[in-house]
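The structure under discussion appears below in the form of structure tokens.
Counting convention: from 1, in listed order, for ligands and their atoms alike. Everything quoted here is computed from the prediction, not taken from an experiment. FYI, side chains are in, hydrogens and waters are out, and symmetry mates aren't considered; it's all heavy atoms of this structure.
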Amino acid sequence: MAAAGGVLVFRLSCLFAAFAAACPLDAGMLFPRESSSRERKELSGLWSFRADMSPSRNQGFLGAWYKQRLAETGPVIDMPVPASYNDITQDPKLRDFIGWVWYERETVVPTRWIADEGTRIVLRVGSAHYYSVVWVNGVKVTEHKGGHLPFEAEIGDVLRKDPTQPCRITIAVNNTLSLDTLPPGSIKHMTDRTKYPDGYFVQSIFFDFFNYAGIHRSVLLYTTPKAYVDDITVVTSFLDNTGLVQYKVSVRGASSAALSVTLMDKNGRCVASSSEPAGVLKVIDVNLWWPYLMHENPGYLYSMEVRLKAADGKSEDVYALPVGIRTVSVTSTQFLINNKPFYFHGVNKHEDSDIRGKGFDWPLVVKDFNLLKWLGANSFRTSHYPYAEEILQMCDRHGIVVIDECPGVGIKDILSFGNASLTHHLVVMDELVRRDKNHPSVVMWSVANEPAAEMPPADFYFKTVIQHTKALDPTRPVTFVTDSNYARDKGAPYVDVICVNSYLSWYHDSGHVELIALQLNTQFENWYGKYKKPIIQSEYGADTVPGLHSDPPVMFTEEYQNIVLKNYHKVFDEKRKQYVIGELIWNFADFMTSQGVLRVVGNKKGVFTRQRQPKAAAFILKERYWRLANDTGRLPPWTKYPCSF
Ligand code: BDP
């Protein structure tokens, strides 16, 4: 038993060594939490805003709009942050705008932050879509490529230059997508003057959601002492009833410093501690982290409190990281969490709602979690980009399992498989793993959705991205999501789990629901026969306009969505006894897309409307998911189906 324990710790150490060494980014990206040594100042609210409507979209840079107050260089409007700017006004030019928009906010920084040279002042942007440049009091402090992931800059030096000035933050954001951005897009200049006026251009995108833009997550200032905890990495495991938390703390700003690491249970009792920057904490009688509906006490979190005392003994930094102790592994037919088979019965989502677009909104987040629980969903995929950190924290606490997807959606053009794209894709994976590596809810990385993987460079491209991701994090499986076109299997040899999207009786054989069983069966047998890897049906569904009815069912009615779901479910029930390890409906809720003849004010495949009201299919899914939870989980008696909601 001791020997087995030793082997496990050794295995964990090897995995961990690879994990902790692989990330090439030069700093951590811990979520900014308050503590006795760290303060936060939220900058959510109204910002000044102007879209640069000049033909070149370059007026703001030529006129150096960042050098003075934005209102001094032209008219400004109020813009809420966080929110997409597209749906905030009545102006169609702003909804469909492509190019640079300018945000500005003035704030007052507490005098003690400025006076104390030992305080680091950090400006953090949760996400802005797509390319951002940031100035403080006219001085450029950072720029960042890519939406959906945070970036930050230390701004203490700039503020201390003239402490009498308020802190004026200017952020220019450009939503232009090119063939080497992620997601890719392209600008089309229309040259036929009989049809288009001079200078007319449009942005083509190859993905099915509205290209919402602006500052999507909160902007804030936070402080740390000069010597601070820059990053923490944890990898967890367990043996019998002993939990193992392998950790590494990275410190900055001090050549020598004393550390204390304390792991506390839910009641604040210390269960393990250490004074080393890296090591393994052992937790006797461990409470494992379990998914929702798999255990009567899901989402159990410990708190790892790291205290850093600088050598001069004057300053102390304190950071508390929530830690869930669990393992994830994959066999040729199963997905195991804590060595028990886990069946994904969940949804695909979007960050999307009326008015806010992709802007973070707590009421929406909490409503969505209540709906997930009502539905009996135990998981979701962050289709098609990383979601807000606050959402992952909710998943950790509620035991909702996450497939964490990068914005690799719509890689359809051969030019998007070139070096520039690949290099950027690897950086995005670095940033994603750095941000999300410590979330117990995140059980798998998804590197792309439905790329044109039949193209010749795709094999090298996906091999490189998948192997890079596995090197970054050897503790989690990796997938890439393919469509039902079997030719597009280029990433499949390298992934751990096959994720397949298919729209049987919808995009082909439209209306023929009687073919679903046969075609779905063929789909599964083909993939499993060739790769012998577990399969998730990562998308399936049908557009449904709420309130449209027809019997016998026809496309777009609520009855049609129901019958499509039921036909898929019959096959899932057969195959889940073999190698199908999950089903994720497309989609949780209706969402906005670009206008086009296939979309009636957005994609209507939600089982909830965009306003989060159930269509008939939501009740079918709810009945099924609770029944599945009963079959596959370990529910306490009071949650037995039929549930009491
Ligand atoms: C899938 C895509 C998803 C689309 C969906 C659809 O992965 O982004 O929204 O089709 O057409 O192929 O509804």
Flag the pair [X] and [Y] as a salt bridge only when some basic side-chain nitrogen lies within less than 4.0 angstrom of an acidic carboxylate oxygen.
{"X": "Lys437", "Y": "Asp473", "value": "no"}
{"X": "Glu558", "Y": "Lys615", "value": "no"}
{"X": "Lys470", "Y": "Asp496", "value": "yes"}
{"X": "Lys570", "Y": "Asp573", "value": "no"}
{"X": "Arg488", "Y": "Asp483", "value": "yes"}
{"X": "Arg217", "Y": "Glu351", "value": "yes"}

Any non-hydrogen atom of [X] lying under 4.0 Å from ligand 1?
{"X": "Arg599", "value": "yes"}
{"X": "Phe591", "value": "yes"}
{"X": "Tyr503", "value": "yes"}
{"X": "Asn501", "value": "yes"}

So which heavy atom in the protein is nearest [atom], and how far is it from that ligand atom?
{"atom": "atom 8 (O) of ligand 1", "result": "His384 NE2, 2.7 Å"}
{"atom": "atom 9 (O) of ligand 1", "result": "Asp208 OD2, 2.5 Å"}
{"atom": "atom 1 (C) of ligand 1", "result": "Glu539 OE1, 2.9 Å"}
{"atom": "atom 13 (O) of ligand 1", "result": "Lys605 NZ, 2.5 Å"}

Option nearest atom 3 (C) of ligand 1 (shortest heavy-atom distance, choices Tyr540, Tyr507, Trp586): Trp586
Answer side chain, backbone, both or neither: which part of Asn603 comes under 4.0 Å from ligand 1, heavy atoms only. side chain
Within the 4.0 Å heavy-atom cut-off, what Val481 brings close to ligand 1 is neither
How are the rings of Phe417 and Phe462 set to each other: parallel, tilted or perpendicular (split at 30° and 60°)? perpendicular
Do the ring planes of Tyr200 and Tyr196 sit parallel (below 30°), tilted (30 to 60°) or perpendicular (above 60°)? parallel
